[in-house]
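Data first, discussion second: the structure below is written as structure tokens.
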Amino acid sequence: MEKFDTIVIGAGPAGLAAAHKLKSSGQKVAIIENNLWGGTCPNRGCDPKRVLIGAVETRDRLAQLQGKGFDEVPYVNWKELEAFKETFTKPVSQGSRNGIVKSDITAVDGQPKFVSKDEIVVNGQTHYQADKFIIATGQRPSYLNIPGKEHLLSSTDFLSLKKMPADITIIGAGYIAFELATIANATGAKVHIVHHNDHPLKEFNENYALELVKQLENKGVDFNFNIDTKTIEQDSEGKYVIKADNFELTTDLIIGATGRIANADFLDLEKAGVEYTRHGVKVNAKLQSTNNNIYAIGDVVDTKQPKLTPVGGFEANYVADILTGKTDKDLELPLIPTVVYGSPKLAKVGAQDGAKVVDQDVTSWFTYSHTNEPKAKVRIVLNDKSEIIGATLLSNEADTLINLLTMAIKKHMTHSDVVKEIMAYPTAASDLEYLF
């Protein structure tokens with residue numbers, strides 16, 4: 001039985017980062033993957049989604065300038081776009097595994113399970129031991145437990161559709177639902193969103209979330225709130241019927257976007273003395289599980305911070321430093337900006353309330369009016385020292401501007417500090433001094 005200094009379980013961005021850093025520090029490392037090497041983000045998550053959103057952004061610009069330089073606004077050709085997306089995703093898994101092998105890290109394919117506190121077995125056959133383990137197995141879609149749930153597809157299925165249906169329904173109103181709705185709408189599909197309450201994107205300021213709803217409604221997306229889906233049936237024509245109290249909707253395809261569940265339930269963690277819930281592995285401030293020799297990083301961790309690729313990478317570097325003696329301090333995460341890639345984009349960072357809030361409709365500002373954006377809003381939150389402590393943005397520029405505001409918060413900048421900077425003009429960044 002082969003023994004390692006550290007075994008990493010899960011070869012997504014977090015697991016790969018941890019394995020490479022530990023190997024570069026001189027450790028003997030193995031990494032195990034039971035599905036696609038590279039993980040969710042580059043294979044079936046944020047990266048392919050961003051390729052698709054890129055086409056949506058191009059169409060949005062054309063639509064905004066229709067009659068102002070452009071006559072026609074074509075729908076996105078899904079077949080061609082899907083083929084383009086696959087040029088990014090197809091090489092990922094093999095490339096990720098090859099990178100591990102070239103770094104002289106042991107790559108193991110298969111399903112791992114713990115048999116004791118320091119030993120695992122892969123595919124029920126090959127046993128491995130290690131002094132330390134890092135669990136980085138991520139999450140998977142969680143489906144409604146209702147009659148007809150077998151008809152639900154996931155976001156992964158959506159990103160791999162070979163043909164976009166004429167009518168598509170998404171159950172849920174979080175990040176994934178809005179982003180998939182935005183993409184499908186740009187192809188010309190009729191899109192419905194069905195949600196069990198009237199609070200979409202609950203992590204965001206309600207007024208900004210509802211404004212995004214309004215903008216998508218203007219593009220033809222059909223929102224159905226306060227609908228608690230009871231059953232899904234398939235009719236004689238092969239279509240699907242969503243049924244709830246006083247509600248019925250017939251559609252060609254249904255995507256379930258009602259949350260995700262941690263991939264912690266198939267590792268036999270009980271045999272290793274590791275506690276977990278459906279939200280993930282329980283950890284302390286050093287990302288140690290209830291077995292001090294087993295750590296968890298990324299989306300599989302039972303914590304409340306956003307489940308994002310950069311967070312997993314940050315945690316991977318931290319745990320690698322812990323295991324190589326470079327630090328013994330508790331984990332301190334920096335500010336984490338988040339973005340909904342809708343149409344327009346919605347972004348936030350930091351505190352959402354403070355001593356002063358400056359909330360502005362900036363649609364008429366040159367940054368947004370020169371491309372005829374239909375709506376642009378900025379909400380800046382300040383503390384009692386007039387320092388920026390948070391922001392929410394709704395615009396086509398939100399994903400880039402939120403990063404600048406994140407740095408401004410980190411540096412405790414006030415308006416006086418901002419006006420001392422010179423930004424490229426005219427850009428969203430050069431507007432900063434007028435936002436608060």
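Treat the numbers as computed from the prediction; the structure is a model and nothing was measured.
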Item to complete: To the nearest 0.5 angstrom, please state how far the CD atom of E315 sits from the CG atom of L287.
Response: 5.0 Å

Worksheet entry | Heavy atoms of other groups near F247 CZ, more than 12 under 6.0 Å | yes

Worksheet entry | Gap separating the CG atom of D235 from the NZ atom of K239, nearest 0.5 angstrom | 7.5 Å

Worksheet item: Below 4.5 Å, heavy atoms only, C-beta onward: do K219 and S343 meet side chain to side chain?
Response: yes

Worksheet item: Between H151 and Y240, how do the two ring planes meet: parallel, tilted or perpendicular, split at 30° and 60°?
Response: tilted

Discussion item. Looking at V191, is its backbone amide N or carbonyl O close enough to the side chain of D222 to form a donor-acceptor pair, meaning the two atoms are under 3.5 Å apart?
Written reply: no

Fill in: Whether E397 side chain and A428 backbone form a donor-acceptor pair below 3.5 Å
no

Practice prompt. Measure the spacing between CD1 of I9 and OG1 of T137 and express it to the nearest 0.5 Å.
Written response: 7.5 Å

Worksheet item: Donor-acceptor pair, D417 side chain versus T414 backbone, under 3.5 Å?
Response: yes

Worksheet item: Is there a donor-acceptor pair closer than 3.5 Å between any side-chain N or O of S103 and the backbone N or O of I105?
Response: no

Item to complete: Before giving the answer on side chain to side chain contact (heavy atoms under 4.5 Å, CB included), spell out for N396 and E57 the whole-Å C-alpha distance, their side-chain angles and the decisive distance to 0.1 Å.
Response: CA-CA 8 Å; N396 289 345; E57 292 170 337; over 6 Å; no

Worksheet item: Within a strict 4.5 Å, meaning less than it, do heavy atoms of the D245 and D228 side chains meet?
Response: no

Worksheet item: What pair of heavy atoms forms the shortest contact from G280 to A262, and how long is it?
Response: CA-CB, 3.4 Å

Discussion item. Show every side chain to side chain donor-acceptor pair (under 3.5 Å) that has at least one partner inside residues 36-48, sequence neighbours left out.
Written reply: W37-D109

Item to complete: Would you indicate whether the side-chain heavy atoms of F204 and V340 approach each other to under 4.5 Å?
Response: yes

Worksheet entry | Residues T187, Y75; criterion side chain to side chain contact (heavy atoms under 4.5 Å, CB included); working and verdict | CA-CA 5 Å; T187 71; Y75 285 115; 5.6 Å; no

Worksheet entry | Any side-chain donor near an acceptor of the partner, D157 and S154, under 3.5 Å | yes

Discussion item. Looking at E82 and K85, is there a salt bridge between them, counting it only when a charged N and a carboxylate O are closer than 4.0 Å?
Written reply: yes

Item to complete: Could you tell me the separation between the CG atom of L432 and the OH atom of Y434, rounded to the nearest 0.5 Å?
Response: 11.0 Å

Discussion item. For F366 and H370, take the angle between the two ring planes, folded into 0 to 90°, and tell me which bin it lands in: parallel under 30, tilted 30 to 60, perpendicular over 60.
Written reply: parallel

Worksheet entry | Candidate list I170, L346, V213, V221, test side chain to side chain contact (heavy atoms under 4.5 Å, CB included), partner F178, passing option | V213

Worksheet item: Given side chains that start at C-beta, do those of L152 and I171 come closer than 4.5 Å, heavy atoms only?
Response: yes

Worksheet entry | Ion pair check, R50 and E179, cut-off under 4.0 Å | no

Worksheet item: So, Y208 and D359: side-chain donor and acceptor under 3.5 Å apart, yes or no?
Response: yes

Contacts under 3.5 angstrom, residues 158-165 side chains, donor-acceptor by atom type, not counting sequence neighbours:
residue : atom : partner : partner atom : Å
S160    : OG   : T156    : O            : 3.4
K162    : NZ   : E86     : OE2          : 2.4

Discussion item. If you count heavy atoms of other groups shown closer than 6.0 angstrom to CZ of F84, is the number above 12?
Written reply: no

Worksheet, complete the sentence: Between I183 and V56, the two heavy atoms sitting closest are CA-CG2, 3.9 Å

Item to complete: Go through the side-chain N and O atoms of Y175 and T338 and say whether any donor and acceptor fall under 3.5 Å apart.
Response: yes

Practice prompt. Test side chain to side chain donor-acceptor pair (under 3.5 Å) on K102 and N98 and set out the steps.
Written response: CA-CA 6 Å; K102 288 179 181 178; N98 288 345; over 6 Å; no

Fill in: Side chains of T89 and V51 in contact at under 4.5 Å (non-hydrogen atoms)
no

Worksheet item: Hey, mind stepping through T363 and Y368 against side chain to side chain contact (heavy atoms under 4.5 Å, CB included) and telling me if it holds?
Response: CA-CA 6 Å; T363 310; Y368 309 98; 5.5 Å; no

Worksheet item: Under 4.5 Å between any side-chain heavy atoms of M407 and L335, yes or no?
Response: no

Item to complete: Nearest 0.5 Å please: distance from the CG atom of N197 over to the NZ atom of K202.
Response: 8.0 Å

Discussion item. Given the ring of F114, does K271 sit roughly above its face, with NZ or CZ under 6.0 Å from the centre of the six-membered ring and within 45° of the axis?
Written reply: no

Fill in: Chi angles and distances behind the side chain to side chain contact (heavy atoms under 4.5 Å, CB included) call for H192, D167
CA-CA 8 Å; H192 312 271; D167 192 288; 3.0 Å; yes

Item to complete: Specify the closest pair of heavy atoms between G38 and S96, including all atoms of both residues, with the distance to one decimal.
Response: CA-OG, 3.5 Å

Worksheet item: What heavy-atom pair brings D252 and A166 nearest, and what distance separates the two atoms?
Response: OD2-N, 3.5 Å

Practice prompt. Have a look at I146 and tell me which of T231, T229, I242 forms a side chain to side chain contact (heavy atoms under 4.5 Å, CB included) with it.
Written response: T229

Practice prompt. Taking E233 for its side chain and G148 for its backbone only, find out whether a donor-acceptor pair lies under 3.5 Å.
Written response: no

Worksheet item: Side chain of N34, backbone of G110: donor and acceptor closer than 3.5 Å?
Response: no

Practice prompt. Indicate whether the side chain of Q305 and that of T303 have a donor and an acceptor atom separated by less than 3.5 Å.
Written response: yes

Discussion item. Looking at every heavy atom in both E211 and L394, which two are closest together, and how far apart are they?
Written reply: CG-CD2, 3.3 Å

Discussion item. For the SG atom of C46 and the CD1 atom of I53, what is their distance to the nearest 0.5 Å?
Written reply: 12.5 Å

Practice prompt. Indicate yes or no for a side-chain donor-acceptor contact from T290 to the backbone of E275 under 3.5 Å, with no hydrogens or angles considered.
Written response: yes

Worksheet entry | Side-chain heavy atoms of I297 within contact of Y318, under 4.5 Å | no

Worksheet item: Which pair of heavy atoms, one from P42 and one from P48, lies closest together, and at what distance?
Response: O-CD, 3.6 Å

Worksheet item: Does the side chain to side chain donor-acceptor pair (under 3.5 Å) test come out yes or no for T182 and N185, once each step is laid out?
Response: CA-CA 5 Å; T182 296; N185 172 257; over 6 Å; no

Worksheet item: When you check the gap from the basic side-chain N to the acidic O, do D265 and R140 get nearer than 4.0 Å?
Response: yes

Item to complete: Given side chain to side chain donor-acceptor pair (under 3.5 Å), test T406 with N403 step by step and report yes or no.
Response: CA-CA 5 Å; T406 299; N403 286 325; 4.8 Å; no

Worksheet item: Side chains of V122 and I32: does their closest heavy-atom pair fall under 4.5 Å?
Response: yes

Item to complete: Using the side chain to side chain donor-acceptor pair (under 3.5 Å) rule, pick out the option among K348, K377, Q352 that qualifies with T392.
Response: Q352

Discussion item. Any side-chain to backbone donor/acceptor pair from K190 onto G220? Under 3.5 Å, distance only.
Written reply: yes

Discussion item. Using a 3.5 Å distance criterion without hydrogens, assess whether the side chain of T58 forms a donor-acceptor pair with backbone atoms of G54.
Written reply: yes

Worksheet entry | Residue E332 excluded, over 12 heavy atoms near CD under 6.0 Å | no

